[in-house]
Every structure is written in structure tokens, then in C-alpha cells.
Number of protein chains: 2
Amino acid sequence: MAVAVALSRRGRPGSAPNPNVGCLIVKDGKIRARGWTQPGGRPHAEAVALAAAGAAARGATAYVSLEPCAHASARGPACSDALIAAGVARVVIAAQDPDPRTDGAGIARLQDAGIEVVFNVMAAEARRAMAPWWTRRMHGRPFVTLKLATSLDGCIARADGTSRWITGDRARAHGHLERAGHQAILVGRGTLDADAPSLDVRLPGLEARSPKKLLLTRGAAPAGWTAVASPQAIGDVDSLLVEGGAGAASAFLAADRVDRLLLYRAPILIGGGRAALGDIGLADLADAHGRWRLADSRMLGSDRLDVYERAREG
Amino acid sequence: MAVAVALSRRGRPGSAPNPNVGCLIVKDGKIRARGWTQPGGRPHAEAVALAAAGAAARGATAYVSLEPCAHASARGPACSDALIAAGVARVVIAAQDPDPRTDGAGIARLQDAGIEVVFNVMAAEARRAMAPWWTRRMHGRPFVTLKLATSLDGCIARADGTSRWITGDRARAHGHLERAGHQAILVGRGTLDADAPSLDVRLPGLEARSPKKLLLTRGAAPAGWTAVASPQAIGDVDSLLVEGGAGAASAFLAADRVDRLLLYRAPILIGGGRAALGDIGLADLADAHGRWRLADSRMLGSDRLDVYERAREG
């Protein structure tokens, strides 16, 4: 199942509006086929894997990161029917599909056809791999990543606004890779006016992945940009990367709309520079604790990247 | 030699005004004795190790982190003479002693007595282990460690000054251990007035290690404190820990008098809080790069400690 979950990550962010799912078909201890949701959301992961497996699917075990769908559409048959038709003997499922058209109906249909079904295997990991789709599906809002690039003393620029360059080549390239993994990127008005950022993905082969550009403003947005009035006013995006500046970052944190923090830190001291954040509405230091959990930490050249995830109930 | 260097660290900070040296005596592939400079500076590491080795020193190899001294004093004989008298066959030395009373004379005396001498083995590591003594000896100033305890966004307190607590128990205990390893601690006037810090070592068994207390001020110091007018005005201390606040930290950085940075970071966001540093005289972002090298990084509970060392020529 760990492999199926890893495969599911390959579907991001192109699978929207459908969930990014991974599927692995195994028989006699050997991997027969792999699949993940294709760009635009179709074919589904199971359809890709079954097509690759061909006759080898008969009597095999399919591992899927999300319950196979129970609803046919004009764009393809229901995956639960496809698994039955292929003669799969056993289906192992990570997370149950919260879509009301499936939500247990996929499992039931497989069982009715005499297929052995095991579910809730690595469900939390699978949901984490589908976090953008899951967050929008369950909460009607995007999964938000906030990126901060600072000096050791937490500055995002010198007092005069100079910020080229705090972090090094490898950290900036990683930032472009993160852009490619998001549906939309947002900056605040100050950053747009000061830096006129292109927000393109400047990585060979990934230029086409440049995401939608949002501007946090009460006013109008220039050509090529979409204006959003508040962090709460974004409903039509699965994954959002907030790139700055301090005003936009603080607005999303104050609204508790940040799910993941990317902290790039360069081994330099600036002193008296611009702070990464303004007021985020913290009433007491004690309230600040227990909200962020370190998920990853790595060196990118001489810079460090720490990834924190918001610890939320349920 | 790595063991001798590690032993030398045990002499800190009590060996002042003498260098903290480590000595290992090995014969037939077995460690026969270990020694390090004792509190107050005597006995020297070699004397401790030779006393422990007894007759086993005859024909043995002695590893010492600093050239054995060539000068006898009222407090003890010269270590080079003691090694000769004990019948040691071979002496391996890390760093040469810059003290003009020795400075090669210890090596020469050993060689004249027919002892095989190998020197400059792990010299940089040995000098690093003796950094406080070495810095004062060579530059007439203390080796300065700056401690900063911040949130992820680089704040040392909320806007109202509240800073209890940003870091957790384990990070604070580590801070007390660092205090015990320094001869003196310094704070600025604002920190003294606001926090009235005791700066004691609050660790069981180490209470007696509480260092001398310095106050960075142009005025007078209260009882129990010594006033120093500037970072450049401290000559009689080997190792200094600067604990805060932002004014004192910035003054030492602006004077380029910080050799080592201790950065404790708690996984919290404060937003709009007090910055760790004020102006440190940085004219250009490019000048900020290449000054700090990551020497250690570890988790202390949910806090991270990063240790950086100032990259200096020579």
C-alpha cells in the first residue's frame, strides 16, 4: 500500500478536479501493473493499472489508495465495475471515498461480486497524499502552503526591502518545484507592486506547469491575475501556495488557513530587517504551542528547508 | 588523537588561565592512562596521565592535544621533562604551543632526549577544542558565543515583551549547560531591567559553575555585576556567552566579535513580535553570505538547536 500511496502523489496537481489516486496490481508476489490518476482526472488510477495488467489482473490483488468509485460517467466506467470485470480476486483499500456517489458503495459492489475487500489500510497516509483534494472536498477550501524564505534572524529582506538573494540556487529551485505542484499561487499587493514577480515555474520541462496567479487585494487585479478579497474567499482551488509578502502570510495565518509551512533559511544574519510576519492575532504565547509539527527537514546547499504541518483535530 | 582532543574538552572552562589539554598514553595497542588539565590549570594533562600510567609509561606513546610545555614553574615541572623522565618512547602532538616559553622548545627538548615526535596531527580540531584559550592568547579577546532563542518567524518575544516561554524544557536545560561551560555571561541593560535574570546554572551538581556576570552599559552596574562599556572592552575573560537582548546581540555582531551562534528555535509562530536583532551594520545582502558555517544541528524536544561558527581566515 505504501507503493500505491507513493504512486498517488504522481497525480498531483494535474488530477483535479478528481482525487489523485494510486493503484498497484500484484499477483504471485510480483508487481504486474501500476497506475495513477492522469492529468484532467481521467483515466482513473485503476483503469490505467488494469489496462497495463491485461490478462494478468485475473486472480490478482489490487491495492488502491482510495475506494474505487461506484459511479459511471460519460468519461468512463465505474472503477469498481472495471475491477470486477477484470476478475481481480482481492482489493486492498486505504481511504474510504467521501464522495456521496461512492462512500462505501464501491466497497459493497466489490464484495457483492465475491471479491475479498480489506480497507482502512494506511488511510491517514493516503489522505495526506491527497490533502489538497481531501481538504477541498471535506472543508470547501484549498489546502494552503505558506512559503517563507528568511535569514537566521527571521528577516525576509533588508530594511530597504532588498531581498536578492537571501537563499541560494538550490533553495530557489526547490521553490519552483513547489510552484509546479500547486494549482494556484498567491501574493499580496505590496509584493506585486515591489517585485512584480512572474511566479512562473522556471525549471526545464516544467514550464507548462505554471499555476494560476491570485492577488490578495480589496481592489482589482492586473491582467493575468485574479483578485481575491480574503483568505476565506477562495473556493475553486485545491492547492494554494502563498508566496508573500508578510501581509499576505499574516492574513492567512490569522485566519488559520495555513496547512503547511515551508521555511527556507539561509545561514546569514541581516539585523533590523523586514520581519517575515506581521500581527497574526496571537493573544498569548501558550496558544502558539502545539500547532505545528515538523514533517521534513533537509539541507538545500547551505540553506535549510524545514517543513511543518498544521496539527489539526480529525 | 581524536580521544586526546575529546579529553581536552573536559578541561573547559575550569583550566583557565591555562589551556585545556588532553593526553592519552597507549602501549601495545592498549590505553594505559588518560588525563586533562585540572581546574585552575594544574596539574597539566600530561602530569595527570603519567601519574595514572605509572611504570606503564615506559616505552609508551603519548598523544597530547597541545605541545608539552618546556618551562618549569613553582606549580610544577615542565611536561616535556616529565615525559622524558617517564621513559615515553614516542609523543604525538596536535597543535604547537604559541606560548613563547614553549613554541617549539617542547618538541625540541623531546627530540634531543631521543624521543620520536610527530606533530601537527589534527591540529585544527585541537585548536577548536581550545578555542577560548586560543582566541584570547592569539587575539587578546574572549571567544564569544551568542545565544538566540526564537520562534520560527525569528521573534524573541511578543510585541509586549512576553517571552515565557518560547523554547521548551530541554532547550532551556541545554542553555544552562552552555552557561556552565563559560567563564562569563553578558546581558544588555534592557534585559537586566526587564527580566532581572539571575543567569545562574540551574542544573543539579553544576550550581557552583555559575559564571561571572557582565552588563553591557555605559553606566554603572548593580552589585554582583561588572559593567563593560563595549564588546571591545573585554580582555580578561577566555569564554563569554552573550544571552541578550537584541541590543547586546547586535552590538557584538556589528563589532564582528561573535565566534559561535547558538540558535534555539521553537516550532511556533508569533507574528509582529520583537526581532532577535537590531541593526548590525550590514551594507549589502551579498556581504552577509559566507560568514557562518553550520557546525551542529539537533532536536531538543520539539525545538531545534543549530550551532553556527564564524568562518574566519586563518
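The chains referred to below are lettered A, B, ... by the order of the sequence lines, with proteins before strands, and numbering in each begins at 1. Everything numeric here is computed off the predicted structure, so don't read it as measured data.
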For the student: nearest non-hydrogen atoms of Gly271(A) and Asp153(A), plus distance: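 So the two residues come closest at N-OD2, 2.7 Å.
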When Gly278(B), Ala276(B), Ser297(B) are compared by non-hydrogen pairs under 4.5 Å with chain A, the top option: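 The option with the most such pairs is Gly278(B).
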Winner by heavy-atom pair count (cut-off under 4.5 Å) against chain A, out of Asp279(B), Leu269(B), Ile166(B):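 Ranked by heavy-atom pairs under 4.5 Å with chain A, first place is Leu269(B).
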Residue among Leu253(A), Ile270(A), Thr150(A), Asp160(A) with most heavy-atom pairs under 4.5 Å to chain B: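 With the most close heavy-atom pairs to chain B, the winner is Ile270(A).
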Measuring from atom [atom1] of [X] to atom [atom2] of [Y], what distance do you get when rounded to the nearest 0.5 angstrom?
X         : Y         : atom1 : atom2 : answer
Leu148(B) : Arg265(B) : CG    : CZ    : 11.5 Å
Asp238(B) : His182(B) : CG    : NE2   : 10.5 Å
Asp259(B) : Arg257(B) : CG    : CZ    : 9.0 Å

Under 4.5 Å from a heavy atom of chain B, the part of Leu294(A) involved: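 The side chain, not the backbone.
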Contacting region of Leu263(A) [heavy-atom separation from chain B under 4.5 Å]: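 Looking at Leu263(A), just its side chain touches chain B.
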Arg172(A) CZ: over 12 foreign heavy atoms closer than 6.0 Å: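 Counting neighbours around CZ of Arg172(A), more than 12 heavy atoms of other residues, nucleotides or ligands fall under 6.0 Å, so yes.
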Measuring heavy-atom distances to chain A, does [X] have an atom under 4.5 Å in its side chain, in its backbone, in both, or in neither?
X         : answer
Ser151(B) : neither
Asp284(B) : backbone
Leu261(B) : side chain
Arg293(B) : neither

Ala283(B) backbone acceptor or donor facing Arg158(A) side chain under 3.5 Å: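 Yes: the side chain of Arg158(A) pairs with the backbone of Ala283(B).
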Residue among Lys147(A), Arg260(A), Arg12(A) satisfying salt bridge (charged side-chain N to carboxylate O under 4.0 Å, His left out) with Glu178(A):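 Filter result, single survivor: Arg260(A).
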